[in-house]
Protein chains: 2
Amino acid sequence: MKKKERHQLLRQLVQQSVIRKQEEFVDILQKRGIDITQATISRDIKELQLIKVPAKDGGYQYNLPPDMNYNISKKLSRFMKDAFVSVDTQKEFVLIKTLPGNAFALGALIETANYQEVFGCIAGDDTVLIICRDEESAERFQRRIISYI
Amino acid sequence: MKKKERHQLLRQLVQQSVIRKQEEFVDILQKRGIDITQATISRDIKELQLIKVPAKDGGYQYNLPPDMNYNISKKLSRFMKDAFVSVDTQKEFVLIKTLPGNAFALGALIETANYQEVFGCIAGDDTVLIICRDEESAERFQRRIISYI
DNA sequence: GCAATACTAGTATATTTATACAGTATATTC
DNA sequence: GAATATACTGTATAAATATACTAGTATTGC
């Protein structure tokens, strides 16, 4: 079991089950025949940026990063690799061209991601217009987009 | 200083400053003349559902609750009110019909929301097929969707 | 191959956080 | 007002988590 695999598994576990403390991770992995200590879990949690959330019921529970960004960015990235055509900026605007029919979904993703630099966005069939907070944000956002391709 | 006020203050602090551990709260409050112990902070944090997030820089940092879901659900809700046509279940499947061209984006939102009961989803032009974990999840998810309309 | 370097993980322990318990204050009921 | 219940907090400590240190293993460059 490689670290990467374990990380995958931890993410899964956290979504499927209520895990209240690191020892519980250890126990569950034990049962699956994976020998690991609390220390390693602590380090994994740090890397994965998992968080311990006080639950309504009085207990605590580990959860995925509030940085859903992490997930969303991954999705965006995957999506971009498929559908991206071009990107350009002008003033505080960023214009992304996609393959026909894909822009709408891309816009929804960008909105959901809630990026600091984005003020709003409008999507057509093969074009997304992103209005950024200012010129600098637009450039920053363009760089971000390019990094996803 | 009443508990309520202190809670207010803690929320503010968490947004304004990087607070790495509970003792830091204590110190900051000390400096403002508020005498309080770590134990109380621990209880406050639990009530406020503040979370300790592993930061990119290797440290940790307290943060506001990840009521992210709240935001995504709000978006989904807004979206549904615009584009929803019908919903139905069969076995562990849920089928949502939308106005033409909207299904893809709805699918993206549903995926992003990462609902417990959803296993995966496929979107066409005016239809989203959601595969749930089991029959019961499907019903639960349908109820969720209906509540958004 | 071998040395140098970088990762990874366990052990032991330090640090941090949660909580049982007890005391004090505040509200509620009679 | 006295009696009782409820809420809040500090102290002391238990429980949980992070990390220094060490050793093993893989990777790189010679």
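A, B, ... follow the sequence lines: proteins, then strands. Residue 1 opens every chain. As the structure is a prediction and not an experimental result, all values here were calculated from the model.
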Item to check | A:Ser17 side chain to A:Leu13 backbone, donor-acceptor under 3.5 Å | outcome: yes

Minimum heavy-atom separation for [X] to [Y], with atom names?
{"X": "B:Gly107", "Y": "B:Cys121", "answer": "O-SG, 3.6 Å"}
{"X": "B:Gly59", "Y": "A:Lys46", "answer": "O-CE, 4.3 Å"}
{"X": "A:Glu24", "Y": "A:Val18", "answer": "OE1-O, 3.5 Å"}

Return the value, rounded to whole Å, for the distance between atom [atom1] of [X] and atom [atom2] of [N].
{"X": "B:Leu29", "N": "D:dG10", "atom1": "CG", "atom2": "P", "value": "11 Å"}
{"X": "B:Gln30", "N": "D:dG10", "atom1": "CD", "atom2": "P", "value": "10 Å"}
{"X": "B:Ile36", "N": "C:dA18", "atom1": "CD1", "atom2": "P", "value": "16 Å"}
{"X": "B:Lys4", "N": "D:dC8", "atom1": "NZ", "atom2": "C1'", "value": "13 Å"}
{"X": "A:Lys3", "N": "C:dA6", "atom1": "NZ", "atom2": "P", "value": "15 Å"}
{"X": "B:Leu50", "N": "C:dT16", "atom1": "CG", "atom2": "P", "value": "18 Å"}
{"X": "B:Leu48", "N": "D:dC8", "atom1": "CG", "atom2": "P", "value": "13 Å"}

Checklist entry - So what does A:Asp44 touch, heavy atoms closer than 4.0 Å: a base, only the sugar-phosphate, or nothing? => result nothing

Next on the checklist: Heavy-atom count check: over 12 atoms from other residues, nucleotides or ligands less than 6.0 Å from A:Gln30 CD?
Outcome noted: yes

Item to check | More than 12 heavy atoms from other groups under 6.0 Å of CZ on B:Phe119 | outcome: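 Count not over threshold, so no.
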
Next on the checklist: Between A:Gln22 and A:Tyr62, is the side chain to side chain donor-acceptor pair (under 3.5 Å) condition met? List the steps.
Outcome noted: CA-CA 9 Å; A:Gln22 300 184 359; A:Tyr62 275 97; 3.3 Å; yes

Next on the checklist: Enumerate the side-chain hydrogen bond (donor to acceptor under 3.5 Å, both in side chains) contacts for residues 88-109 of chain A, please, sequence neighbours excluded, ordered by first and then second residue.
Outcome noted: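 Every side-chain hydrogen bond (donor to acceptor under 3.5 Å, both in side chains) pair that includes a residue of residues 88-109 of chain A, provided the two are not neighbours, is A:Lys97-A:Thr127.
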
Item to check | Nucleotide-resolved protein contact map, nucleotides 13-24 of chain D, B/S/- at heavy-atom distance under 4.0 Å | outcome: ---SBBBB----

Item to check | Charged N-O contact under 4.0 Å between B:Glu47 and B:Arg43 | outcome: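 Looking at B:Arg43 together with B:Glu47, the answer is no, because their closest N to O distance does not fall below 4.0 Å.
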
Checklist entry - Looking at five pairs on each end of the helix from C:dG1-D:dC30 to C:dC30-D:dG1, what is the angle between the two axes, given to 10 degrees? => result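 Its terminal axes enclose an angle near 40°.
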
